[in-house]
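A short write-up of the structure that comes next.
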Amino acid sequence: MRYWLMKSEPSDVSIDDLVSMPDQSVAWYGIRNYQARNFMRDQMQVGDKVLFYHSSCAEPGIAGLAEVSRLAYPDETQFDTGNKYFDPKATRETPRWMNVDVRLVRKTRLMPLREIRATPKLANMRILQKGNRLSITPVDPREYATILSVL
DNA sequence: GCCAACGTTGGC
DNA sequence: GCCAACGTTGGC
């Protein structure tokens, strides 16, 4: 069992959007970074725990708990010519991009990035490192437990 | 809107 | 295979 932090722009999919989805589950489409894709494709298992993080917004931070509900499969948006995530180099035979599905566990209070940064036990988290832009990052089990205890 | 940091692209 | 140019991310 692994732990992850996954960023979503709330203007795209927010925690409240997830709450109101059928099955409270969403395809984590649109990842176009190989490292993030590889995490989903090679490491994520059903039941892995996910911190649902709001990025690029007024109050960035952890907004809820979720879990992986489906193993990685080809991201549909890569094939869709009208979609902003369309990839002309991807084909059905040789897809380039994959996504898992993620299901809500529960919405939590917002734990702001400020607070994460101010928590000594969380100082090594990847999202706090300078220049980090990766939208999916592994989380240490102890870090996950620390966060869970204050949500 | 700014800008630092980083990933990707493509010419050579 | 190098690396400059470009595009994107994401906090502020």
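Lettering of chains follows the sequences in order, A, B, ..., and the numbering in each one begins at 1.
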For this session: Please check if the side chain of His54(A) supplies one atom and the backbone of Ser11(A) the other of a donor-acceptor pair under 3.5 Å.
Result: no
Problem set entry | Check against salt bridge (charged side-chain N to carboxylate O under 4.0 Å, His left out), Lys89(A) and Asp87(A) | CA-CA 5 Å; Lys89(A) 293 181 181 161; Asp87(A) 184 344; over 6 Å; no
For this session: Check whether any side-chain heavy atom of Met111(A) sits under 4.5 Å from a side-chain heavy atom of Thr119(A), and report yes or no.
Result: yes
For this session: List the protein contact pattern of nucleotides 1-10 of chain B with one symbol per nucleotide (5' to 3'): B for base contact, S for sugar-phosphate-only contact, - for none; contact means a heavy-atom distance under 4.0 Å.
Result: ----BBSS--
Problem set entry | Pair Trp28(A) and Phe52(A), ring centroids less than 6.0 Å apart | yes
For this session: Establish, yes or no, whether the cationic atom of Arg37(A) lies under 6.0 Å from the six-membered ring centre of Phe39(A) and within 45° of the ring axis.
Result: no
Exercise. Between dC12(C) atom P and His54(A) atom NE2, what is the distance in whole Å?
Worked result: 17 Å
Problem set entry | Whole angstrom value for the distance that separates C1' of dG11(C) from CD1 of Ile62(A) | 16 Å
For this session: Could you point out which residue of Asp140(A), Leu122(A), Val139(A) forms a side chain to side chain contact (heavy atoms under 4.5 Å, CB included) with Thr146(A)?
Result: Leu122(A)
For this session: Looking at every strand, decide which applies to Arg117(A) at a 4.0 Å heavy-atom threshold: base, sugar-phosphate, or nothing.
Result: sugar-phosphate
Exercise. Can you tell me how far P of dG11(C) sits from CG of Leu110(A), to the nearest Å?
Worked result: 12 Å
